[in-house]
Number of protein chains: 2
Amino acid sequence: MDGQVFGDKNMAKGNKRVSIQDLAAELGLSVSTISRALNNALDVSEATKAQVRALAEKLNYQSNSMAASLRSGRSHVLGVIVPHINGAFFPAVVHGIERLASQAGFNVMICQSSEEVGREVAHVKALLKAQVDGILVSMSNTTREYDHFEQVRRKGIPLVFFDRMPELTNVCGVVADDYRGAYQLTEHLIEQGCRCIAHLAGPQHLNITHNRHQGYHDALLAHGLPYDKQLVVPLSNSREAGGAAAMRHLLAGNMRPDAVFAAYDFAAVGAMRVLEDHGLRVPEDIALAGFSNEPFTTMIKPQLTSVDQHGVQMGEAAVQLFLQLQKRSDTFTGQRIVLKTKLIIRGSSLHGLPAQPATSA
Amino acid sequence: MDGQVFGDKNMAKGNKRVSIQDLAAELGLSVSTISRALNNALDVSEATKAQVRALAEKLNYQSNSMAASLRSGRSHVLGVIVPHINGAFFPAVVHGIERLASQAGFNVMICQSSEEVGREVAHVKALLKAQVDGILVSMSNTTREYDHFEQVRRKGIPLVFFDRMPELTNVCGVVADDYRGAYQLTEHLIEQGCRCIAHLAGPQHLNITHNRHQGYHDALLAHGLPYDKQLVVPLSNSREAGGAAAMRHLLAGNMRPDAVFAAYDFAAVGAMRVLEDHGLRVPEDIALAGFSNEPFTTMIKPQLTSVDQHGVQMGEAAVQLFLQLQKRSDTFTGQRIVLKTKLIIRGSSLHGLPAQPATSA
DNA sequence: TTGAAAGCGCTAACAT
DNA sequence: ATGTTAGCGCTTTCAA
C-alpha cells in the first residue's frame, strides 16, 4: 500500500456513472431483467443473475438509491434526531439503533438538534423531504409544541420517541424508568442514614427529569421524610457549571443537607467541586449521587453513585418498535416500553453504614 | 398543549403527498412555474411566488428531495464517517461540520465505522448510492487499504479526510499538529525535570498516533535525552484498560520512568489508576500526561495535563476544504490543513519546578 | 423467464 | 413571465 498514488487524473470528470441501462445494453437484456436480477427476484434464471452480477461487479456498478426510492417509495433510511451526542448516553443509544437498524436493512441518518426546537423542526422537515421510512427522536429540552411531530404522523411515517418524549396519548416510544431509578437512589441515600436529602432538578417539563424528581419525592414520603421545596434546586443547565451553581445556592441557604441527588452526573461533579471548595467531605459530610452512569463516574474520587439507563438497549428497543409500527401501520397503539434502570452504588453515597454490597467496580 | 390528542386516525393511510402537480392544478399554472417559484427563481413574478407559497403552506406541501436530487444530480447531502462518537473529540468535530455545512445549505449524514474497515467500506458505498455531494472521513484504525476511498475519487465526489488520514499523495484533509503537540508536551515534561519519559503509544500505522510518537522521540533527542524502546509501550486499545495494561507492563520492567506520556487521555487515566495502586504519586513520583483534552481531564485528581486538538475548528476546516473542492474539482491539489494544537498544563505533570504559568483552569 | 412501457416528482433546457 | 417537453435511474405492472 505504500507509495501508491491516489487518484490518477486521467478521468477528470466526464465518466458517467454506469446505470442499469448500460448493463442492459452490454448484455442484450432489458432493464427490467437487470433490475430484477440485481434485486435477486425469484423469477430470473440463475444464469442471467450470475451474468448480470458479474458485469455489475466488473463495471463497478452502484445502484442509485435516489432513483430506487423515488420509484418504490421506500428509502430504507431511518432518521434519528438526538438532542446532542455529548456524554455517553446518547452515543450508546445511537449505537444500539445503528446495530439493529443496519441488521434490518436500514441506513441511519443521525441529526443533532443541539437542544434547539428550531433545529429539531428543521431536521424533521429535512427527513420527511428525504423520504425516510421512519423517524426516531429524543426531544430537545426546548421543545414545547409538537406540531412537527404531528406532521410526521399525518404523513403516515412511523414515529418512535426514546428517552425524552412528549406527554401525549397515542405516541409510542421507549423510556428508562427514571422514576424508579430516582426512587431507588433516594431510598439508598435514606438507608445510608441521610435525612435531609436535596435534589438538583432538571427541567420539569421533560418527562425524564420530571420523573426523577417525582421518584425522589415519593421515596421521601414513603420513608416518612418531609418533602421540602427549599431542598429542590433547579439546574440552570445539565453540565458541571449548572450543578456547581445549584450547589452554591443550596449551601447559601439555611438548610444544610446531608445528601444531594443531582439529576445528571455532570451536575453532580460540579456539585462535588463546590463541596470540596467549602471543605465539605463526600460522602462523610454530604453524600452525593448523579444519574446516567457516565464513564467518568469511576474516574473521579470518590467514585460517583449513579443510575444506569442501558442506552444501547434503549436504542435497540426503539428500532424494534419502529419495525413493529412499520408492519401494521393502521394501529398506532401508542405503545410505551419502559426499561429498568440499575442503581450503581459507589463511594460518593456511602454516608453511613456499609450499606448493601457495591453493585459495580 | 395539554390534553391534546395526537394523531386522530381519520386519515389512516391513503392521503397522498401533495406534489407540485397538485399545486399547479390548483392554481392553473404549470409545474415548471411552481418549481421556479418554490426555488425562488428570479424570473417569476412576486405575485405568483406569493400565491404559490401561500398554497404550498396551506396544503402543507413538502418537496420530495429524492426527486429533486435525482433530476438535478445534487443531493445537498454531505456524508461524514467517523470511527466513533465516544469521548469529546469526534462529537466536537461533527459539531463543527454540522454548523458550517448547514450554513452552506447541506444536510449532514453521520455514520460510525466503529473502528471496523468493513463498516467503513459499507458506509462509503451507501453514501455513494445515496448520491451525496461529498464525503468527509476519519479512518477507522483497522483501515489499511484505501480502495473504497479511491472509488469515491474516481466518481468525482469530493473527498476530505480529517484527523486520521491515509499516507497517500493527492488526498486532502485537515489534521491536528499531533507531532508538534507531542513535541511540546514532551518538552514540558523535560522542563519539569523528567529524564526518563515513557510513552504509551497508539497504533503506528495511523498518522495521528505515529506523529505523537515521533514528536515524543524528536523532543527527547533535541534535548539530549536517549530514546529507549523499552520506554515505549504499545497500547492494546485507546481506553482506560489499555492504558492500565501498558502501565503495568512498564512498571514490571526494569526501567522506572519519572514521567509517562500516554497517546490518549483515557489511557492516561488507566495509567493513573495503576500508579495509585502501586502507591506511586502523580506528579511527585511520576508525571503524567495525555492527549485530546477530554472534559474529564479536569474532573480527576490531579487534573490531567493534555493537548487540545480544537475539534470544532477541525470540522469547520474540513467543510471549507470540501466547499473548495466542489468549486474547482479539476485540480485535486491534495491540500492538507494542519491545525495548531494547544498544550494544556495541569497538575498531573507538575513534577518539578513550578514551570511555566498554567495555561488553563 | 424476459421485455415493453409507464411513471415516481422534480428540474432545466427550450420555447413562447 | 410562464408553458412545453424531456428526462434523471429505477421499479413495477402487464404482456409475451
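Everything numeric in this text was worked out from a predicted model, so none of it was measured. Computed over heavy atoms, backbone and side chain alike; hydrogens, waters and symmetry mates excluded.
The aromatic rings of A/F90 and A/H84 sit perpendicular, their planes meeting at an angle over 60°, well past the 30° parallel limit. Ring-plane geometry between B/F106 and B/F322 is classed as perpendicular, the angle between the planes exceeding 60 degrees on a 0 to 90 degree scale with a lower cut at 30.
The main-chain N or O of B/S19 is found under 3.5 Å from a side-chain atom of B/D22 such that the two form a donor-acceptor pair. Using a distance-only test at 3.5 Å, with no hydrogens or angles considered, a donor-acceptor pair links the side chain of B/E120 to the main chain of B/S140.
Between the side chains of B/T48 and B/S45, at least one donor N or O lies within less than 3.5 Å of an accepting N or O. Using a 3.5 Å distance cut-off with no hydrogens or angles, the side chains of A/E167 and A/N207 do not pair a donor with an acceptor. Side chain to side chain, B/K129 and A/N64 fail the donor-acceptor criterion of an N or O pair below 3.5 Å.
Counting heavy atoms from C-beta outward, B/Q324 and B/Q326 have side chains that stay 4.5 Å or more apart.
Axis deviation across the helix from C/dT1-D/dA16 to C/dT16-D/dA1 amounts to 30°, comparing end segments of five pairs, rounded to 10 degrees.
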Per-nucleotide protein contact string for nucleotides 6-16 of chain C, where B marks a base within reach and S marks sugar-phosphate only (heavy atoms under 4.0 Å, - for neither): BBBBBBBB---

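Of the residues in residues 41-52 of chain A, not one places a heavy atom less than 4.0 Å from an atom of DNA chain D.
A salt bridge links B/E150 with B/R154: at least one charged nitrogen is closer than 4.0 Å to a carboxylate oxygen.
Rounded to whole angstrom, the span from the CG atom of B/L29 across to the P atom of D/dT4 amounts to 11 Å.
In terms of heavy atoms, A/M139 sits closest to A/P83 at O-CG, 3.5 Å.
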